[in-house]
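All of these numbers come straight from a predicted model, not from anything done at the bench. Throughout, residue positions are numbered sequentially from 1 according to the sequence presented.
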Amino acid sequence: PTSAATSTEVPPEGRGTGAEDEWLAKRFAPADFQFSACANLGGRYWETNFHTRDYVESIRVSGLTTAFQTWDPEELLARFQLLPDFVRCGVCAPSVCDASTVRTVVYRRFMGAMLKLDFELQPPEWFEFEAREMAQWSDLNLDFVVVGADHCGTTSIRRNLLKHPSIEFTSEREDQWFHKHLRIMPPKNEIDSFNEERAARVENSGKHKVLGLGDPALFMDPRMRHAFARMPQLRVIAVVCDPVSRFDKHFWEWHMCKPGKETKHSMVLQECYPSLAAALDGLNIAGQPTLGELIASEAMAERMLALQANLGGRMLVVHQDSLRYEPNKTYDGIAAFIGAEPFPPEVDFKRYNSARGHRTEICSNHSLLGQLRRRLEPEYQGLEKLLRAAGVEVPASLVQRRTRCDRPEELLPAPAIA
């Protein structure tokens with residue numbers, strides 16, 4: 001059968017999380033079925049990639065076997081032309097088979113049967129064929145993930161959790177391990193490597209710690225909503241914040257021209273917006289997304305709600321206000337959620353990666369602030385729905401649509417904390 005373990009496609013954009021989930025469900029379900037059916041037979045499930053054109057050319061160059069020569073060349077060519085130039089298949093092989101045996105024995109017999117040949121094909125060369133054994137997401141030995149949202153305090157959560165004696169992360173920085181590929185199922189060698197690294201940590205430290213991974217963009221990946229749902233041991237931490245303040249930082253950091261400082265996208269985008277007002281007024285900048293496209297691409301509420309629908313009680317939602325005003329209670333709550341004891345009383349919870357002072361001109365232009373707040377009203381409403389569904393009290397700042405512009409201390413010039 002065609003492999004359900006991988007997909008080089010991405011879900012349709014612009015149709016909402018419902019369409020994304022429907023598209024992905026149609027790909028995850030057969031992958032689950034194929035893997036489980038193979039395991040029930042005592043086999044191992046492989047994703048195979050076969051370069052048909054290269055293989056046929058090799059046959060022409062190297063010559064045909066005696067059995068092959070008894071066939072009409074036109075008939076053989078017609079059989080192979082039924083296949084695309086590149087074939088990706090899922091193959092269930094006996095458990096004793098390794099990648100080499102799948103190539104030299106299993107696959108050529110599989111292909112011969114599929115083409116209805118009465119003789120065995122010669123095995124493909126290593127450059128014509130690739131076999132990767134697949135695993136299940138539940139095989140990953142990971143306890144929790146911090147999935148975002150970016151610009152809402154994910155760096156603070158990660159760095160403050162690292163102060164706990166029983167909590168560790170895969171990396172002190174953001175870890176994009178889950179973005180290595182677009183596969184529906186993970187390759188077994190990647191899962192094994194991850195798990196071996198964790199085992200080495202335990203061996204070296206002599207202590208088993210709760211292990212997490214931090215990637216503030218994970219909540220945006222619809223594929224991971226379904227992957228996380230298949231990892232029953234995993235706990236997911238999501239932090240949300242004021243939509244206007246978040247957008248202000250994102251726009252300032254990635255898309256706005258700053259004196260003496262290029263945008264982060266300067267290596268790709270040669271132009272930048274002179275101001276947020278220009279984007280709101282509909283100014284078109286070559287190579288830059290429009291304001292509407294930016295708002296859609298950075299939206300967090302709908303994606304967080306979809307993630308929550310897939311995970312239920314395995315997802316903890318935190319509002320940034322709780323990190324700011326009740327850090328001890330909040331971080332002890334996070335620790336309990338992921339299975340760790342309370343923090344030592346002497347731990348000082350700090351704020352990290354915070355760019356204070358004026359960013360865009362929004363806090364000095366009330367009309368501009370009002371325009372952006374109105375554009376982001378669906379985000380505000382979505383966050384209220386998310387927090388209520390999570391059993392979290394909706395903070396007054398969210399109800400009243402307060403932004404960083406309402407906190408004078410935020411606007412005082414101060415260096416970002418490293």
Side-chain angles (χ1 to χ4, degrees), residues 1-13 19 22-135 180-190 223:
T2 300
S3 174
T6 187
S7 175
T8 56
E9 306 170 275
V10 293
E13 295 183 357
E22 181 181 358
W23 188 93
L24 284 162
K26 291 179 180 179
R27 284 151 179 81
F28 270 88
D32 292 338
F33 173 79
Q34 289 181 11
F35 188 96
S36 297
C38 183
N40 289 338
L41 291 172
R44 291 155 63 183
Y45 186 71
W46 299 78
E47 174 195 286
T48 61
N49 298 318
F50 179 56
H51 297 271
T52 311
R53 181 176 295 179
D54 293 341
Y55 177 74
V56 172
E57 185 62 25
S58 293
I59 291 177
R60 287 173 174 168
V61 172
S62 62
L64 305 178
T65 64
T66 302
F68 210 154
Q69 290 173 348
T70 63
W71 277 62
D72 177 63
E74 294 299 324
E75 172 64 18
L76 285 173
L77 182 61
R79 297 284 178 98
F80 276 105
Q81 284 179 339
L82 294 172
L83 302 175
D85 290 344
F86 179 77
V87 179
R88 176 174 284 125
C89 287
V91 173
C92 182
S95 60
V96 296
C97 296
D98 58 12
S100 176
T101 311
V102 171
R103 176 177 66 85
T104 58
V105 178
V106 176
Y107 192 79
R108 65 170 177 165
R109 292 180 180 176
F110 167 75
M111 186 59 66
M114 188 166 65
L115 294 175
K116 297 182 179 180
L117 302 176
D118 57 5
F119 61 91
E120 286 195 358
L121 291 167
Q122 66 186 47
E125 300 292 340
W126 64 268
F127 53 85
E128 299 164 346
F129 180 86
E130 178 189 14
R132 300 190 74 176
E133 186 176 3
M134 307 307 289
K180 287 184 175 182
H181 49 69
L182 296 176
R183 285 180 170 83
I184 296 300
M185 302 182 87
K188 187 176 184 297
N189 67 315
E190 292 182 5
R223 182 177 60 101

State, yes or no, whether a side-chain contact exists between [X] and [Y] at a heavy-atom distance under 4.5 Å.
{"X": "Arg132", "Y": "Arg183", "result": "yes"}
{"X": "Met185", "Y": "Glu47", "result": "no"}
{"X": "Phe28", "Y": "Arg223", "result": "yes"}
{"X": "Val87", "Y": "Thr48", "result": "no"}
{"X": "Met134", "Y": "Pro187", "result": "yes"}
{"X": "Thr101", "Y": "Val96", "result": "no"}
{"X": "Phe129", "Y": "Tyr55", "result": "no"}

More than 12 heavy atoms of other groups within 6.0 Å of Lys26 NZ: no
Quick check for you: to the nearest 0.5 Å, what is the distance between [X] atom [atom1] and [Y] atom [atom2]?
{"X": "Cys38", "Y": "Trp46", "atom1": "SG", "atom2": "CH2", "value": "10.5 Å"}
{"X": "Leu82", "Y": "Thr52", "atom1": "CG", "atom2": "OG1", "value": "11.0 Å"}
{"X": "Met111", "Y": "Phe50", "atom1": "CE", "atom2": "CZ", "value": "5.0 Å"}
{"X": "Cys92", "Y": "Phe110", "atom1": "SG", "atom2": "CZ", "value": "11.0 Å"}

Distance-only donor-acceptor check, side chains Glu128 and Ser58, under 3.5 Å: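 Yes - a donor-acceptor pair under 3.5 Å links their side chains.
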Any donor-acceptor N/O pair, Arg44 side chain to Ala93 backbone, under 3.5 Å: no
Arg103 side chain vs Ala99 backbone, donor-acceptor pair below 3.5 Å: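 No; judged by distance alone, with no hydrogens or angles, the pair does not exist.
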Heavy-atom pair of closest approach, residues Arg108 and Leu121: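 Here Arg108 and Leu121 meet closest at CD-O, 2.9 Å.
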Nearest atoms (heavy-atom pairs only) where Pro30 meets Ala25: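 Answer, listing the atom of Pro30 first, then Ala25: CD-O, 4.3 Å.
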Centroid-centroid under 6.0 Å between His51 and Phe86 rings: yes
Glu57 bridged to Arg53 by N-O distance under 4.0 Å: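 Answer for the salt bridge query: no.
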